[in-house]
Amino acid sequence: MTYRILKILKDHGPLSKTSLALYARLNYQRALDYLRYLNEVGIVKIDREVTLTPQGLEVLRKIEEVLENLGLR
């Protein structure tokens, strides 16, 4: 789920929590749980909108590299 959330933020830019939940096909409460955790570890920043941090972008790059090495991307 982390990959999906980070990818959505990279592809669509800053989003409201509601929009992000809809893109990720999560119920709103579940999305908030993920976002709170990702915010705590510095991968996203939550203000009026959710944004991907530089650390989050690096995590996304590493995940995509692993997926590519496994032939899954």
Side-chain angles (χ1 to χ4, degrees):
M1 188 53 59
T2 298
Y3 173 72
R4 184 186 305 176
I5 290 170
L6 299 182
K7 182 76 169 135
I8 289 166
L9 288 171
K10 180 183 175 201
D11 292 346
H12 299 283
L15 293 168
S16 69
K17 291 175 267 193
T18 301
S19 294
L20 184 55
L22 290 171
Y23 274 112
R25 297 181 181 183
L26 290 170
N27 78 34
Y28 186 73
Q29 189 57 52
R30 179 68 51 110
L32 286 181
D33 292 342
Y34 281 112
L35 292 174
R36 284 185 193 118
Y37 172 74
L38 295 175
N39 184 64
E40 286 176 17
V41 296
I43 293 174
V44 302
K45 183 176 179 188
I46 302 172
D47 286 318
R48 296 191 88 206
E49 295 183 312
V50 181
T51 57
L52 189 59
T53 65
Q55 181 182 353
L57 187 57
E58 183 60 27
V59 168
L60 179 60
R61 284 189 199 136
K62 288 179 181 179
I63 293 169
E64 288 178 334
E65 182 181 322
V66 168
L67 291 174
E68 185 146 339
N69 288 338
L70 294 172
L72 299 174
R73 189 164 175 255

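Just so it is clear, the model here is predicted, and its values are computed rather than measured.
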Mind checking the [atom1]-[atom2] spacing from [X] to [Y]? Nearest 0.5 Å is all I need.
X     : Y     : atom1 : atom2 : value
Leu9  : Leu60 : CG    : CG    : 9.5 Å
Leu20 : Ile8  : CG    : CD1   : 5.5 Å
Thr53 : Lys45 : OG1   : NZ    : 10.0 Å
Ile5  : Leu52 : CD1   : CG    : 11.0 Å
Leu6  : Lys62 : CG    : NZ    : 13.0 Å

Shared hydrophobic cluster for [X] and [Y] (ILVMFWY, side-chain gaps under 4.5 Å):
X     : Y     : value
Val41 : Leu57 : yes
Leu15 : Ile46 : yes
Met1  : Val44 : yes
Tyr23 : Tyr37 : yes

Please report the closest heavy-atom contact between Glu49 and Pro14, naming both atoms and the distance. OE1-CB, 3.4 Å

Taking atom NZ as the centre, does Lys7 end up with more than 12 heavy-atom neighbours from other residues, nucleotides or ligands that are less than 6.0 angstrom away?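 Enclosed.
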
All side-chain contact (heavy atoms from CB on, under 4.5 Å) counterparts of Ile63, not counting sequence neighbours: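 For Ile63 the side-chain contact (heavy atoms from CB on, under 4.5 Å) partners, ignoring immediate neighbours, are Tyr3, Val59, Leu67.
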
Charged N to carboxylate O below 4.0 Å: is that the case for Glu58 and Arg61? yes

Less than 4.5 Å apart, side chain to side chain, heavy atoms only: is that true for Asn39 and Val50?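 They are not in side-chain contact.
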
Contacts of type side-chain hydrogen bond (donor to acceptor under 3.5 Å, both in side chains), residue Ser16, not counting sequence neighbours: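 Checked Ser16 against side-chain hydrogen bond (donor to acceptor under 3.5 Å, both in side chains); matches are Ser19.
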
Which atom pairs, one a donor and one an acceptor, fall under 3.5 Å between side chains of residues 25-32 and the rest of the protein, sequence neighbours left out?
{"unit_1": "Asn27", "atom_1": "OD1", "unit_2": "Gln29", "atom_2": "N", "d": "3.1"}
{"unit_1": "Asn27", "atom_1": "OD1", "unit_2": "Arg30", "atom_2": "N", "d": "2.7"}
{"unit_1": "Gln29", "atom_1": "NE2", "unit_2": "Asp33", "atom_2": "OD1", "d": "3.4"}

